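What follows is a set of notes on a single structure, which appears directly below.
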Amino acid sequence: MLAKLIKYDMKSQSKIFVPMYIFDLILAVFGLILSKISHFYPKSYIFSGINQLFFAVLILGLVITAVVTLILTVMRYRTNLLRDEGYLMHTLPVKVSQLYFSKLISSVLWFIIDAAVVYIVVAIRLLDFTWIAKFISELLKESGNQGIDVTVILVSMIFYMMVALVVSLTQFFAALSTGYSLNIRREGSVNKDLLSIIVYILSYILIQIMSMAGIAVDVFIKGINVNKAASAMSNTEVVSTVTGIISTQTVILILLGIFFAAVSIMRMKKHLNLE
């Protein structure tokens, strides 16, 4: 049933996302054409200026795509589970946890597709589908020239960013679930979106406190010297320090993600007040 819920979410949102991706690809093709024209007329300030401007538009388009993805996935959760559509969704013969994870998984899938579109768009613009491999190769080569193997750091950073994406979504979902389930008795209605924003701010403060606590663990328990300049460290110390901090922060994010998911599911099970 979870797979069917995910399929339903993906199909519903594809009506917005697919045209947006097609528009990004069209921008990339036009960017490639302008780049080639600019290459054939290197002394033309007009073509050069248009090419640079269109490149900026292309980058802006990719940024907007990521922002729109975040907004739409969060709004989908809000509309489909916490507002009018929630009456129907919560009558389905499925667990609340399945409803929750269908939204979380479909949201993550859209961000993965975003990343794939960014790769393809840049590849079309550069006319090079190996650009990311070359970038990583140059990064590893440069670090190798300095005697530092950043392979472990690179893998740690990629995993950390993936975890951070998922946790960010769980944070938004938890803020909405809590804001829409709080039963505050007072004259007049209380704006649940405003309550959700307040809860999100509080959760953000919690994340910062936990992050600082993680750094404290690295400093006082693991013995990482954060005051020591990188230039004064050996190559092994640099890799060990960076990966140690990233690992601690990743563990903290995973724990917070589990906490936020549990809060969302619990609030929807016991305290949800649909509008």
Side-chain angles (χ1 to χ4, degrees), residues 2-3 5-7 9-10 13-14 17 20-21 24 59 62-77 97-98 100-123 129-140 143 149-177 200 203-204 206-215 217-218 239-265:
L2 177 61
L5 290 170
I6 295 172
K7 182 180 179 181
D9 283 332
M10 297 293 289
Q13 291 180 294
S14 65
F17 286 118
M20 185 169 60
Y21 295 147
D24 287 336
I59 297 300
L62 294 176
V63 172
I64 291 175
T65 296
V67 173
V68 170
T69 301
L70 176 61
I71 293 173
L72 290 182
T73 52
V74 172
M75 293 301 291
R76 173 73 177 174
Y77 179 88
S97 58
Q98 289 180 311
Y100 175 83
F101 283 110
S102 68
K103 295 293 181 290
L104 181 61
I105 293 172
S106 62
S107 298
V108 172
L109 287 175
W110 282 121
F111 275 103
I112 292 174
I113 296 173
D114 275 4
V117 169
V118 169
Y119 169 77
I120 295 172
V121 164
V122 175
F129 280 85
T130 63
W131 68 271
I132 195 166
K134 291 179 179 178
F135 172 76
I136 294 175
S137 177
E138 284 296 320
L139 182 63
L140 295 176
S143 63
D149 183 8
V150 297
T151 306
V152 177
I153 297 177
L154 189 62
V155 172
S156 300
M157 281 297 298
I158 293 173
F159 182 69
Y160 173 81
M161 288 187 290
M162 293 174 64
V163 171
L165 167 63
V166 177
V167 174
S168 295
L169 290 169
T170 63
Q171 183 187 2
F172 278 111
F173 293 171
L176 286 168
S177 297
Y200 179 84
S203 66
Y204 175 80
L206 173 63
I207 290 177
Q208 298 309 307
I209 292 174
M210 293 291 289
S211 178
M212 294 302 296
I215 294 176
V217 168
D218 287 327
V239 175
S240 177
T241 299
V242 175
T243 54
I245 293 174
I246 294 174
S247 298
T248 302
Q249 296 301 314
T250 302
V251 171
I252 290 172
L253 282 181
I254 291 174
L255 293 175
L256 285 170
I258 294 172
F259 170 72
F260 289 143
V263 167
S264 296
I265 295 171

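No experiment lies behind these values; they were computed from the predicted model shown.
Interatomic distance, CE of M161 versus CG of L253, reported as 12.5 Å (0.5 Å rounding). Atom CG of D9 and atom CG of L109 lie 10.0 Å apart (nearest 0.5 Å). Between the NZ atom in K103 and the OG1 atom in T73 there is a gap of 11.5 Å [rounded to 0.5 Å]. Atom CZ in F101 sits 11.0 Å away from atom CZ in F173 (nearest 0.5 Å). Taking OG of S168 as the start and CD1 of I207 as the end, the distance is 7.0 Å to the nearest 0.5 Å. Between L70 atom CG and L165 atom CG the span is 9.0 Å, to the nearest 0.5 Å.
Within 6.0 Å of the CE atom in M162, the count of heavy atoms belonging to other residues, nucleotides or ligands does not exceed 12. Counting heavy atoms of neighbouring residues, nucleotides and ligands inside a 6.0 Å radius, atom CZ of F129 exceeds 12 of them. Taking a 6.0 Å sphere around OH of Y119, one finds it holds more than 12 heavy atoms contributed by other residues, nucleotides or ligands.
Residue L2 comes nearest to S102 through the heavy atom pair CD1-N, 3.7 Å, listed as atom of the first residue, atom of the second, then distance. Summarising the geometry of G214 relative to T248, their closest heavy-atom pair is O-CG2, 3.6 Å, with the distance given to 0.1 Å. Across every non-hydrogen atom of S106 and Q13, the tightest pair is OG-OE1, 4.4 Å.
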Give the C-alpha distance, both sets of side-chain angles, the deciding distance and a yes or no for side chain to side chain contact (heavy atoms under 4.5 Å, CB included) between F17 and I113. CA-CA 10 Å; F17 286 118; I113 296 173; over 6 Å; no
Trace of the side chain to side chain contact (heavy atoms under 4.5 Å, CB included) decision for L62 with V121: CA-CA 9 Å; L62 294 176; V121 164; 4.1 Å; yes
In sequence, state the C-alpha distance, the side-chain angles, and the governing distance for T170 and Y100, and then conclude on side chain to side chain contact (heavy atoms under 4.5 Å, CB included). CA-CA 10 Å; T170 63; Y100 175 83; 3.5 Å; yes
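Remark: side-chain polar atoms of S177 are not paired, donor with acceptor, to backbone N or O of A174 under 3.5 angstrom. Not one N or O on the side chain of Q171 forms a donor-acceptor pair closer than 3.5 Å with the backbone of F260. At distances below 3.5 Å, at least one donor-acceptor pair connects side-chain atoms of T250 with backbone N or O atoms of I246.
Here the side chains of Y21 and D114 are in contact, with some heavy-atom distance below 4.5 Å. Within the 4.5 Å cutoff, no side-chain heavy atoms of W110 are placed close to those of L72.
Judged as a ring pair (Phe, Tyr, Trp, His ring centres under 6.0 Å), and not counting sequence neighbours, the contacts of F172 are Y200.
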